[in-house]
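Quick notes on the structure that follows.
So that the names make sense, note that chain A is the first sequence line, chain B the second, and so on, each numbered from 1.
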Amino acid sequence: MDTPKKEERGKLGRRDFLQGVATVPVIGLFGYALAKERQYVKAQKEIKLGTTEVTEEGEELNVALLGAGAQGSVLLNAMLQIPGLRFRAVCDIWADYNLKRAVNLLSKYKFEVNGYEDYREMLDKEKELDAVVIATPDFWHSRHAVDCLNAGLNVYCEKEMSNTLEGAAEMVKGARQTGKLLQIGHQRRSHPRYIHCYEKIIKEAGLLGRIVTVNGQWNRSVQEDLGWPARYAIDTDTLKKYGYDSMQQFSNWRWYKGLGGGPIVDLGSHQIDIYNWFLQARPRAVIASGGTDYFSPEAHEWYDTVMAIYEYETPEGVARAYYQTQTTNGSLGYFENFMGDQGTLVISESEAGGTAGSIYRQPNAPDWDEWVRKGYVTAPKIQMMKKELDISNRLDVRESVSPDEHQIPIEFYDPYHKPHLQNFFNAIRGREALNCPAEIGYETAVSVLKVNEAIAAQRRLTFDPAEFEI
Amino acid sequence: MNDKFTFVQKVVLVLLRVVIGWHFLYEGVAKLLKANWSAAGYLAQSRGFLAPLFQWMADSPGVLAVVNQLNIWGLIAIGLALILGCFTRLSAVFGMLLILLYYLANPPFVGYYYSIPMEGNYLIINKNIVELVALLFIAVSNSGWYAGLDRIIKNLWGKK
Ligand SMILES: NC(=O)c1ccc[n+]([C@@H]2O[C@H](COP(=O)([O-])OP(=O)(O)OC[C@H]3O[C@@H](n4cnc5c(N)ncnc54)[C@H](O)[C@@H]3O)[C@@H](O)[C@H]2O)c1
């Protein structure tokens with residue numbers, strides 16, 4: 001039946017024609033499948049893009065920067081990307097150096113700003129300010145924030161809220177009494193990936209199940225003490241006036257008692273804040289070990305190495321949370337790891353490294369197909385067969401094969417602090433609520449400062465629930 | 001041409017051709033739709049005796065651009081041709097050539113180490129080779145004659 005010889009050359013029989021085009025419909029099928037696939041990809045992309053939407057401009061806000069050091073510059077650069085801000089003033093006691101640099105930067109962007117050494121002079125003279133962004137060392141936060149609130153300004157204040165709980169409590173009260181906004185700089189609270197993980201993955205989808213253990217770390221490689229250009233050194237009288245004994249102390253305030261809190265406060269507070277947030281709880285006890293084990297104790301009064309374990313009473317039951325920070329080996333950087341009976345979430349603010357956002361399903365958990373389809377998590381990367389094969393002959397019944405890895409599909413290209421600043425300015429305009437108001441900053445301060453106490457006390461310390469309240 | 005195959009065998013032969021075509025077509029389309037797709041990563045990973053050649057392709061932007069376009073449109077054209085059964089033998093041969101290149105760029109020979117993980121375990125023979133041999137079968141069996149445009153082409157313009 002299939003022999004062409006029956007037909008004349010140049011002629012085509014009906015059967016031959018039908019056979020000839022028999023597979024053409026496959027192209028249609030392919031097109032249909034492709035269109036479906038495109039739709040899915042597009043939907044997934046929209047979920048991602050929805051998080052970086054540009055907020056439209058509102059009424060212009062007059063802004064001052066108080067403290068123009070390392071972090072002040074980071075915040076300033078992020079703010080320069082936010083529309084609707086008018087910079088009026090910068091204050092910094094390092095007049096010849098940091099103050100000058102910030103003023104110069106702003107004038108490049110065509111802002112006419114006044115520079116001040118003393119913040120009280122700034123508050124006296126600048127009467128049109130709506131908001132101030134404070135990035136001075138921790139021991140100045142309370143005075144700066146409270147005085148600015150009292151001068152009628154809305155305040156964005158860097159973490160740690162204060163190096164003392166008394167100072168932090170004054171700030172909470174100051175915000176309440178003046179009715180002004182006080183945002184504390186735990187910027188992960190506004191980070192789209194963290195918000196996605198809490199709101200969607202933990203709360204809505206419940207993918208972790210009950211979180212029973214947490215661990216996290218911020219490891220840093222050995223770093224020299226910070227230096228300063230000798231010809232710009234601040235004179236001793238000025239240093240004394242602002243609470244510093246020397247340029248060494250002025251530059252490395254973090255390590256000194258009475259000025260900063262050491263790495264556990266500097267770095268740990270960011271992440272322990274996330275523990276409290278994701279667990280929806282406050283710790284009930286902490287044990288900790290730490291010391292100045294590596295650096296010279298004279299220049300490093302606070303501990304260079306800290307390991308702490310918190311106990312939480314969460315709505316679902318007890319959870320234990322480990323945290324470590326050390327300054328002698330930067331291996332694996334920084335991340336937080338939440339482990340529930342259904343899944344594991346590893347998340348980090350850092351875009352570098354592989355820990356930005358991964359989630360692993362436990363074999364006993366219901367499948368996550370729905371959440372993959374909704375774009376809450378990506379399709380899993382199946383763990384390499386090879387790995388399993390390699391261990392299969394050694395795997396005994398007590399071991400479980402590592403679960404499949406899904407990613408958190410939130411890409412984030414902005415400066416880390418931009419969304420948190422945006423949230424602050426939008427709150428001033430009445431469009432949003434603050435993501436980290438004074439009360440939350442205070443809870444975190446209570447949780448974190450206790451670690452240093454526990455190290456000194458060399459025993460388990462408990463929290464009285466009343467401690468968290470003002 | 002006489003019939004060597006039973007009806008079922010013909011259906012399977014056509015099926016084989018169509019699924020391989022689908023695979024080629026989608027490999028091409030997916031690369032086309034992926035903004036900035038480039039073979040550079042794959043080529044740079046190359047191991048084996050042809051590695052210098054592939055790495056040279058990856059390193060020279062002009063060559064790479066041509067290689068990328070040839071690869072994308074080659075895949076799409078071969079895919080369409082296989083699905084439709086049009087110039088089947090020719091496209092099967094080109095398909096085999098392409099696959100051979102992929103294979104030679106990263107051959108699973110003993111002792112090579114790859115940083116791109118492979119989703120399986122192979123010793124000399126991998127899925128590329130399986131697909132290549134399947135194409136060879138399509139070429140020698142002239143699958144396009146059964147349910148393919150080749151039948152129309154042959155009838156209208158072919159030699160007796
Ligand atoms: N959120 C974050 O990720 C993050 C990161 C780094 C630092 N920080 C916080 O930002 C704050 C500043 O840290 P940094 O690293 O920029 O320190 P820094 O030492 O680099 O800068 C502090 C600046 O404040 C100025 N200053 C000190 N006392 C002052 C005073 N009384 N009045 C006016 N200016 C004064 C100094 O001259 C200096 O320019 C700290 O509270 C720190 O914890 C937050």
**Qualifying residue, where the test is side-chain contact (heavy atoms from CB on, under 4.5 Å) with Tyr360(A) and the options are Leu208(A), Leu207(A), Thr344(A)** = Thr344(A)

**Item:** Selection from Val24(A), Val21(A), Ile27(A) maximising heavy-atom pairs under 4.5 Å formed with chain B
**Value:** Ile27(A)

**Message:** Please classify the contact between Ile153(B) and chain A as side chain, backbone, both or neither, with a heavy-atom cut-off of under 4.5 Å.
**Reply:** neither

**Prompt:** Where on Leu18(A) is there a heavy atom nearer than 4.5 Å to chain B: the side chain, the backbone, both, or neither?
**Reply:** neither

**Request:** Classify the ring geometry between His191(A) and Tyr194(A) as parallel (under 30°), tilted (30 to 60°) or perpendicular (over 60°).
**Result:** perpendicular

**Student check: side-chain heavy atoms of Phe24(B) and Leu135(B) closer than 4.5 Å** = yes

**Asked** When you measure from the side chain of Gln217(A) to the backbone N and O of Gly333(A), does any donor-acceptor pair fall under 3.5 Å?
**Response** yes

